[in-house]
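No experiment lies behind these values; they were computed from the predicted model shown.
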Amino acid sequence: MTVISPRLGSSTDWTDARLLYALEEVVEQELNRHLKIAKDWMPHEYVPWSDARNFPGFFEDGEPWDKEQSKVTEVGRTALIVNLLTEDNLPSYHHEIATLFGRDGAWGTWVHRWTAEEGRHGIVMRDYLLASRAVDPDKLETFRMAHMSEGFESDNRHSMLHSIAYVAFQELATRISHRNTGHQSGDPVCDRMLARIATDENLHMVFYRNLLKAAFEIAPDLTMRSVRDVVVDFRMPGHGIPGFERAAAQMAIGEVYNLRIHHDDVLQPVLRFLKIMEVDGLGPEGIKAQEELGLFMNGLDEQARAFDERLAARKARMAERAARA
């Protein structure tokens, strides 16, 4: 992979404008690769429309939602709501990346393509949830209004490289969350739908991951610092959802997304691909960031191990209670 700008001597030589220009050729290459691999799909083909019926309100024959109508598990219902509300904030996400990356050239083409593909995810998930009566539609809409009314402001909007590093990890985190939600949902239809979404999210991750690798070739110190900052301070874009902390705890216990999954299935794969601890040619700032990143990952692994032990103990207690019952 080539870039159109040589490595500059100091991190201070790089501005966002210079980085955008330097990586334009890589963006074009990755965009072309993505368009060859990505497959269009129809959201309506993944929705069990035959299960649908009217809700009360405008229709006299409307049937109120009841929890017993839902085919998905408790943790599946929680995760589906969180995942959909996260997807719902697409207008804010588009604004963020369009402002940062621009609307022209290869960057702009990618921004619009990404937005169009992400739009499918919200469409198919909402249609599935309503047609299958998986969740309370009134609560879902109330949460959507509250979440979107707050808007979204990226923790990394101050830096183009920080933003690229963030989405490289975040797209993989979203893929893992969707895939595990499908596995834990208890509904094969839901599992199939979320597997389709997860495929898209993986392609998006590959785009940003490869872009991040190219950034290491031209601005290694700055890129290393960006990766360190993002990994250390990472949080999902749906953190502003009403009741997110409680939902996140339920998803952690339900093995949809927790510390172990975050460490093993999200952070480690990207860092391994980048060969993060083998990057050379770093200056003092880059070496410091590399060392701090290694220490943080070791600490996170210890935290994940402690979580694993607590989760295993909880499962043992539940199994014991079930045996007595």
| query | Would D229 and R225 satisfy salt bridge (Lys or Arg N to Asp or Glu O under 4.0 Å), going step by step from the backbone distance to the final call? | reply | CA-CA 6 Å; D229 293 347; R225 288 164 54 198; 5.9 Å; no
| side chain to side chain contact (heavy atoms under 4.5 Å, CB included) with L84: which of L140, V124, I241? |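 Between L84 and the candidates, side chain to side chain contact (heavy atoms under 4.5 Å, CB included) is satisfied uniquely by L140.
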Look at the side-chain heavy atoms of Ile, Leu, Val, Met, Phe, Trp and Tyr, link any pair under 4.5 Å apart, and say whether [X] and [Y] land in one connected group.
{"X": "M145", "Y": "F244", "result": "no"}
{"X": "V266", "Y": "M236", "result": "yes"}
{"X": "M148", "Y": "L80", "result": "no"}
{"X": "L172", "Y": "V232", "result": "yes"}
{"X": "F207", "Y": "L20", "result": "yes"}

| query | What's the verdict on side-chain contact (heavy atoms from CB on, under 4.5 Å) for L19 and I164, showing C-alpha distance, side-chain angles and the deciding distance? | reply | CA-CA 11 Å; L19 284 165; I164 290 176; over 6 Å; no
Between [X] and [Y], is there a donor-acceptor pair closer than 3.5 Å when you use the side chain of the first and the backbone of the second?
{"X": "E30", "Y": "L211", "answer": "no"}
{"X": "E87", "Y": "G119", "answer": "no"}
{"X": "S70", "Y": "D66", "answer": "no"}
{"X": "N258", "Y": "I261", "answer": "yes"}
{"X": "D301", "Y": "M297", "answer": "no"}
{"X": "D221", "Y": "L282", "answer": "no"}
{"X": "S226", "Y": "L222", "answer": "yes"}
{"X": "N156", "Y": "S163", "answer": "no"}

Under a 4.0 Å threshold between the charged nitrogen and the carboxylate oxygen, would [Y] count as salt-bridged to [X]?
{"X": "R120", "Y": "D40", "result": "yes"}
{"X": "R126", "Y": "D88", "result": "yes"}
{"X": "E302", "Y": "R305", "result": "yes"}
{"X": "E320", "Y": "R324", "result": "yes"}
{"X": "K288", "Y": "E292", "result": "yes"}

| request: Evaluate the criterion salt bridge (Lys or Arg N to Asp or Glu O under 4.0 Å) for residue pair R77 and E74; output intermediate values, then yes/no. | output: CA-CA 5 Å; R77 188 155 46 247; E74 285 284 349; 3.1 Å; yes
Review item, side-chain donor-acceptor pairs of residues 50-61, under 3.5 Å, at least two apart:
| unit_1 | atom_1 | unit_2 | atom_2 | d |
| --- | --- | --- | --- | --- |
| D51 | OD2 | K71 | NZ | 3.1 |
| R53 | NE | E63 | OE1 | 2.8 |
| R53 | NH1 | D51 | O | 3.1 |
| N54 | ND2 | D61 | OD1 | 3.0 |
| N54 | ND2 | D61 | OD2 | 3.4 |

With a 4.5 Å cut-off on side-chain heavy atoms, are [Y] and [X] touching?
{"X": "R196", "Y": "M193", "answer": "no"}
{"X": "D233", "Y": "D155", "answer": "no"}
{"X": "V189", "Y": "Y128", "answer": "yes"}
{"X": "H94", "Y": "H112", "answer": "yes"}
{"X": "R157", "Y": "L100", "answer": "no"}
{"X": "N210", "Y": "V26", "answer": "no"}

| task | Rounded to the nearest 0.5 Å, what's the gap from OG1 on T109 to CG on D104? Could you check? | result |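 One finds 9.0 Å between OG1 of T109 and CG of D104.
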| message | Just checking H239: does its NE2 atom have more than 12 heavy atoms from other residues, nucleotides or ligands closer to it than 6.0 angstrom? | response |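 Counting neighbours around NE2 of H239, more than 12 heavy atoms of other residues, nucleotides or ligands fall under 6.0 Å, so yes.
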| Under 6.0 Å from the CD atom of E141, do we count more than 12 heavy atoms belonging to anything else shown? |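 Yes, because the 6.0 Å sphere around CD of E141 holds more than 12 heavy atoms from other groups.
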Heavy-atom pair of closest approach, residues [X] and [Y]:
{"X": "P64", "Y": "R133", "value": "O-NH1, 3.3 Å"}
{"X": "V230", "Y": "F169", "value": "CG1-CD1, 4.0 Å"}
{"X": "T86", "Y": "P237", "value": "CG2-CG, 3.8 Å"}
{"X": "R179", "Y": "A198", "value": "CD-CB, 4.0 Å"}
{"X": "Q184", "Y": "V256", "value": "CG-CG2, 4.1 Å"}
{"X": "P269", "Y": "D264", "value": "CD-O, 3.3 Å"}

With no hydrogens and no angle check, just 3.5 Å: does a side-chain donor-acceptor pair link [X] and [Y]?
{"X": "H204", "Y": "E118", "value": "yes"}
{"X": "S185", "Y": "D191", "value": "no"}
{"X": "E117", "Y": "W41", "value": "no"}
{"X": "D127", "Y": "H44", "value": "no"}
{"X": "S132", "Y": "D187", "value": "no"}
{"X": "T174", "Y": "E201", "value": "no"}

| said: Run the salt bridge (Lys or Arg N to Asp or Glu O under 4.0 Å) test on D265 and R260 for me, step by step, so that the C-alpha distance in whole Å, both residues' side-chain angles and the decisive distance to 0.1 Å come before the verdict. | reply: CA-CA 8 Å; D265 299 338; R260 174 54 64 200; over 6 Å; no
| Parallel, tilted or perpendicular: which describes the rings of H121 and H178, with under 30° parallel and over 60° perpendicular? |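 Ring orientation, 0 to 90° scale: perpendicular.
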| task | Classify the ring geometry between Y208 and W110 as parallel (under 30°), tilted (30 to 60°) or perpendicular (over 60°). | result |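 Perpendicular: the ring planes of Y208 and W110 meet at over 60°.
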| query | When you measure from the centre of the six-membered ring of Y46, is the NZ or CZ of R192 under 6.0 Å away and within 45° of the axis? | reply |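 Judged by the rule, R192 and Y46 form a cation-pi pair.
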| Taking only residues two or more places apart in sequence or in another chain, which ones pass ring-ring contact (aromatic ring centres under 6.0 Å, His included) with H262? |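 Checked H262 against ring-ring contact (aromatic ring centres under 6.0 Å, His included); matches are F234, Y257.
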